[in-house]
Amino acid sequence: MKKLIFSIVFLTLGWATSKAQTFNLGVKAGVNLAKLNADFASEENRLGYQIGAWARIGGASFYVQPEAYIGSKGNKFISIQQDNGNEVSAEGKVKFTTLDIPVLFGTKFGAKNLNFRVMAGPVISFILDENSTFSSAYQQATDFSNYKNQALGAQFGAGVDVGSISVDLRYEAGLSNISKSEKYTQKPNLFQLSLGFKIL
C-alpha cells in the first residue's frame, strides 16, 4: 500500500515538474500539538516543534509541495484500561524525534504577493529517536510500548503567503499503527502551525 501511494505521488510530482511554470524553495519552522490516539488508554496532547525546508512546484493555481523537516512528537497517557475492563490512573510518556516527508497537492488563489492556499497529501515519518517512560500499571500490556521506525499519515490544511512569508495551519491524521503490538493500536495525530520564508 505504501509503495503504491508513493509511486503515484512521485509520478504526479514528475508530471508537475515537467509542466511547472514556477519553482520556489523555502525554509520553515513551527510548533505542533500531538498525541497518540490509543484504544487502550486515555491520553493528553504534547507540545512539539518542527524545522526544515520545502519546495513548491506548479502553475497559476495548482502546485505540488514536497517537504522535509525534523520534528518532535509526543504523548502523555493518563490512564489505562486493564484486562478486566477497569480504567485506572497510570502515567506514561513517549517522545519521538522524527524526519517527516510530506508531499502536498494544493491550489492557490489571490494576488502575487498575497495569496491563500489549501492543500492535502500523504506524509511518511521516520523515527530517529524515541524516549518513553511508563508506570508499572502498563506492564500487563507487555508489547504496546514497542514502536515501529516509521508511520504513514495524511495532512490537510490551509495557508497564506504575504510576499516571501508563508503561514500554514495543518492537521495530520495517522493512517498506520505506529505500535508493533498486534493487540494495541496507536496512531499519531497532530495540529501544526508553521512559519516559512521563501528564499528562491
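Remember, it's a predicted structure, so these values are computed and weren't measured experimentally.
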* Given the rule in the side-chain contact (heavy atoms from CB on, under 4.5 Å) test, do V167 and L193 qualify, once you have shown the distances and angles that lead to the verdict? -> CA-CA 7 Å; V167 179; L193 177 65; 4.1 Å; yes
Gap between atom [atom2] of [Y] and atom [atom1] of [X] - 0.5 Å precision:
{"X": "K73", "Y": "T98", "atom1": "NZ", "atom2": "OG1", "answer": "4.0 Å"}
{"X": "L190", "Y": "Q155", "atom1": "CG", "atom2": "CD", "answer": "7.5 Å"}
{"X": "F126", "Y": "F96", "atom1": "CZ", "atom2": "CZ", "answer": "15.0 Å"}
{"X": "D129", "Y": "L99", "atom1": "CG", "atom2": "CG", "answer": "13.0 Å"}
{"X": "E130", "Y": "N149", "atom1": "CD", "atom2": "CG", "answer": "11.0 Å"}
{"X": "K93", "Y": "F134", "atom1": "NZ", "atom2": "CZ", "answer": "11.5 Å"}

For [X] and [Y], work out which heavy atoms get closest and say how close.
{"X": "G121", "Y": "L104", "result": "N-CD2, 3.7 Å"}
{"X": "S179", "Y": "Q186", "result": "CB-NE2, 3.8 Å"}
{"X": "W54", "Y": "G196", "result": "NE1-CA, 4.3 Å"}

* Please assess F77 against K35 for the test side-chain contact (heavy atoms from CB on, under 4.5 Å), listing each intermediate value before the final yes or no. => CA-CA 9 Å; F77 298 105; K35 70 176 180 178; over 6 Å; no
What about [X] and [Y], same hydrophobic cluster or not, with Ile/Leu/Val/Met/Phe/Trp/Tyr joined at side-chain heavy-atom distances under 4.5 Å?
{"X": "V162", "Y": "V27", "result": "yes"}
{"X": "Y171", "Y": "V31", "result": "no"}
{"X": "L169", "Y": "F116", "result": "yes"}
{"X": "I127", "Y": "V94", "result": "yes"}

* Intermediate values then yes/no, side-chain contact (heavy atoms from CB on, under 4.5 Å), E172 and N32 -> CA-CA 10 Å; E172 181 179 318; N32 61 56; over 6 Å; no
Any side-chain heavy-atom pair from [X] and [Y] closer than 4.5 angstrom?
{"X": "Y147", "Y": "L36", "result": "yes"}
{"X": "Q150", "Y": "I124", "result": "yes"}
{"X": "P102", "Y": "Y69", "result": "yes"}
{"X": "V160", "Y": "L114", "result": "yes"}
{"X": "T22", "Y": "I57", "result": "no"}

* Do other residues, nucleotides or ligands put more than 12 heavy atoms under 6.0 Å from I51 CD1? -> no
* Residues, nucleotides or ligands: over 12 heavy atoms within 6.0 Å of K28 NZ ->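 Yes - once you tally the heavy atoms of other residues, nucleotides and ligands closer than 6.0 Å, there are more than 12.
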Keeping [X] on the side-chain end and [Y] on the backbone end, is there a donor-acceptor pair under 3.5 Å?
{"X": "S164", "Y": "F197", "result": "no"}
{"X": "S42", "Y": "S79", "result": "no"}
{"X": "N24", "Y": "A55", "result": "no"}
{"X": "S72", "Y": "Y49", "result": "yes"}

* Asked: Could you go step by step and tell me if N177 and Y184 meet the side chain to side chain donor-acceptor pair (under 3.5 Å) rule?
  -> CA-CA 9 Å; N177 183 12; Y184 303 102; over 6 Å; no
* To do: Go through Q192 and S194 one step at a time and tell me if the side chain to side chain donor-acceptor pair (under 3.5 Å) criterion holds.
  => CA-CA 6 Å; Q192 59 176 228; S194 65; 5.2 Å; no
* **Test side-chain contact (heavy atoms from CB on, under 4.5 Å) applied to D161 and R56, step by step** => CA-CA 12 Å; D161 300 323; R56 191 175 299 155; 3.0 Å; yes
* **Stepwise side chain to side chain donor-acceptor pair (under 3.5 Å) test for K148 and S176** => CA-CA 10 Å; K148 299 175 183 177; S176 62; over 6 Å; no
* Asked: Using the ring of each side chain (for Trp, its six-membered ring), is F62 parallel, tilted or perpendicular to F105, with breaks at 30° and 60°?
  -> parallel
* **Step-by-step salt bridge (Lys or Arg N to Asp or Glu O under 4.0 Å) determination, R170 to E67** => CA-CA 14 Å; R170 299 180 199 164; E67 300 182 350; 2.6 Å; yes
